[in-house]
Amino acid sequence: PPGRVPRTKEVVFLDDLVDIARPGEEVEVTGIFCHSYDYYLTQRSGFPVFQTYVSANHIRKKEDASSAHNLSEADRKLILELAADPNIGKRIIASIAPSIYGHEH
C-alpha cells in the first residue's frame, strides 16, 4: 500500500544475471533503485504514487562468499599441489576446449 515501508522489493534481472540464483536462495544484490510513476493509482488514491524496483547489475549468492571456508583438507592439498606445478598455465589452457586451442590434438 502507498506510504508503507516495503517488506519485499521487486528486482529486475536482465541478460546474464537471469539464471544465477534460484528461488529461495539467499543473495546479495547490487543495483539501481528505480521508480516509475503510476498514473492510474495516482488518480485512484488522490496523491502521487510511484512503483519502485531495483534494476540489478550484480548478484552474489551468500553461499559463494563462504565456499572458500568449506574446503576439505584433500581439496586444500590438491590446490596447493597445483599451485606449485610450474606447468599450471599450460594445464589450464589444455583443459579449455583442448581440441580447439592450438590444434595440438
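Bear in mind the structure is a predicted one, so any value in this text is a computation, not a measurement.
- Nearest heavy atom pair, residue A56 against residue V29, reads CB-CG1, 3.8 Å.
- Nearest heavy-atom pair, L17 versus I59, reported as atom, atom and distance to 0.1 Å: CD2-CG2, 3.9 Å.
- Of the inter-residue distances, the one linking S55 atom OG with F13 atom CZ reads 10.0 Å to the nearest 0.5 angstrom.
- Considering CZ of R60 and CD of E26, their distance stands at 10.5 Å, rounded to 0.5 Å.
- Other residues, nucleotides and ligands contribute over 12 non-hydrogen atoms within 6.0 Å of the OH atom of Y37.
- To the nearest 0.5 Å, atoms CG (D75) and CD (E73) are separated by 9.5 Å.
- Hydrophobic clustering (ILVMFWY, side-chain heavy atoms < 4.5 Å, transitive): F33 and V12 are in distinct clusters.
- Follow the hydrophobic side-chain contacts under 4.5 Å out from L78 and you reach I92 in the same cluster.
- How far NZ of K90 is from CG of D85: 10.5 Å, rounded to the nearest 0.5 Å.
- Under a hydrophobic clustering in which Ile, Leu, Val, Met, Phe, Trp and Tyr are joined whenever their side-chain heavy atoms come within less than 4.5 Å, directly or via other members, V27 and L14 fall into different clusters.
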